[in-house]
Student: 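There's a structure below that I have some questions on.
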Amino acid sequence: AQTVTQSQPEMSVQEAETVTLSCTYDTSESDYYLFWYKQPPSRQMILVIRQEAYKQQNATENRFSVNFQKAAKSFSLKISDSQLGDAAMYFCAYRSYYSGGSNYKLTFGKGTLLTVNP
Amino acid sequence: ETGVTQSPTHLIKTRGQQVTLRCSSQSGHNTVSWYQQALGQGPQFIFQYYREEENGRGNFPPRFSGLQFPNYSSELNVNALELDDSALYLCASSLAKGQDYEQYFGPGTRLTVT
């Protein structure tokens, strides 16, 4: 079974600064997807960025980028030019690449609460 | 395009009762997954429905059951409620097309069991 670990329960950053959220995972699979989700106080889980394990290039979405280290099973999220609206709980999640049964499920970490200070 | 909606927003039930939570999938999506998110935790996968059939289940007892209807809306039923069932219940819909699809989440139903 896959596991996802987020070792930082809380992080804070000054507005306009950069912050990195950490995530490690454990799997015996070679192909999979990794995601970062944002959950603001409204509770709606929003996809921030995704990474396919077979791609060596790190994914980037505007101010959000990842550092994917497959051998180390590490998947960190970097938020540049932090904005007040970035304040939320951030979850790292894993999904198997293979279809069938519950392989489509997302396995989440416990989350990191990000505070953005003005 | 209508997003994923869930009802009710909040619900309070007594231990031993039964509850039904509802989810309306995003237009065109034929797959729905349900997750339980306890306070301070990440969501845990309950089960998934694809074209009205259960397509995978997490580590939840049989008193957690579901339905998916022809219009792809879905229900989560929980019987014999326990205090530990208090959580945010999220549904996520997706359009299954091979390996590559995204799950779109609803805002959740907050269930409190007293």
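The chains referred to below are lettered A, B, ... by the order of the sequence lines, with proteins before strands, and numbering in each begins at 1.
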Student: Does the A:Q6 side chain pair with the main chain of A:C92, one donor and one acceptor, at a distance under 3.5 Å?
Tutor: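 Yes: the side chain of A:Q6 pairs with the backbone of A:C92.
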Student: In terms of ring plane angle, is the pair B:Y35 and B:F105 parallel, tilted or perpendicular, where the classes change at 30° and 60°?
Tutor: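 Plane angle between 30° and 60°, so tilted.
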Student: Pick one of side chain, backbone, both or neither for B:F47, based on which atoms fall under 4.5 Å of a heavy atom in chain A.
Tutor: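 Interface part for B:F47: neither.
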Student: Using a 6.0 Å cut-off, check whether atom CD of B:Q44 has over 12 heavy atoms from anything other than its own residue.
Tutor: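 No, because the 6.0 Å sphere around CD of B:Q44 holds 12 heavy atoms or fewer from other groups.
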Student: If the plane angle is over 60° it's perpendicular, under 30° parallel, otherwise tilted; pick one for A:Y25 and A:Y32.
Tutor: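 Taking A:Y32 first and then A:Y25, their aromatic rings stand perpendicular (interplane angle over 60°).
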Student: What part of B:Q37 gets within 4.5 angstrom of chain A, counting heavy atoms only: side chain, backbone, both, or neither?
Tutor: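 Contact with chain A involves the side chain of B:Q37 alone.
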Student: Which donor-acceptor pairs under 3.5 Å do the side chains of residues 53-63 of chain A make with protein atoms, sequence neighbours left out?
Tutor:
| unit_1 | atom_1 | unit_2 | atom_2 | d |
| --- | --- | --- | --- | --- |
| A:N58 | OD1 | A:F68 | N | 2.9 |
| A:R63 | NH1 | A:S80 | O | 3.1 |
| A:R63 | NH1 | A:D81 | O | 3.2 |
| A:R63 | NH1 | A:D86 | OD2 | 2.8 |
| A:R63 | NH2 | A:D86 | OD1 | 2.8 |
| A:R63 | NH2 | A:D86 | OD2 | 3.2 |

Student: With a 4.5 Å cut-off on heavy-atom pairs, point out which of B:G108, B:A92, B:G106, B:P43 contacts chain A the most.
Tutor: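 Most heavy-atom pairs within the cutoff with chain A belong to B:P43.
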Student: Does B:R51 pair with B:E53 as a salt bridge, N-O distance under 4.0 Å?
Tutor: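 Salt bridge between B:R51 and B:E53, a charged N being under 4.0 Å from a carboxylate O: no.
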Student: Does any backbone or side-chain atom of A:F35 lie under 4.5 Å from a heavy atom of chain B? Answer side chain, backbone, both or neither.
Tutor: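 No part of it gets close to chain B.
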Student: Taking the inter-plane angle between the rings of A:F75 and A:W36 on a 0 to 90° scale, is it parallel (under 30°), tilted (30 to 60°) or perpendicular (over 60°)?
Tutor: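 Rings of A:F75 and A:W36: parallel, under 30°.
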Student: Residue by residue, which of residues 63-90 of chain B have a heavy atom closer than 4.5 Å to a heavy atom belonging to chain A?
Tutor: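 If one takes a 4.5 Å heavy-atom cut-off, the residues of residues 63-90 of chain B near chain A are B:L88, B:L90.
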Student: Between B:Q18 and B:T20, does any side-chain donor sit less than 3.5 Å from a side-chain acceptor?
Tutor: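 Their side chains do contain a donor-acceptor pair, which is all the 3.5 Å distance test asks for.
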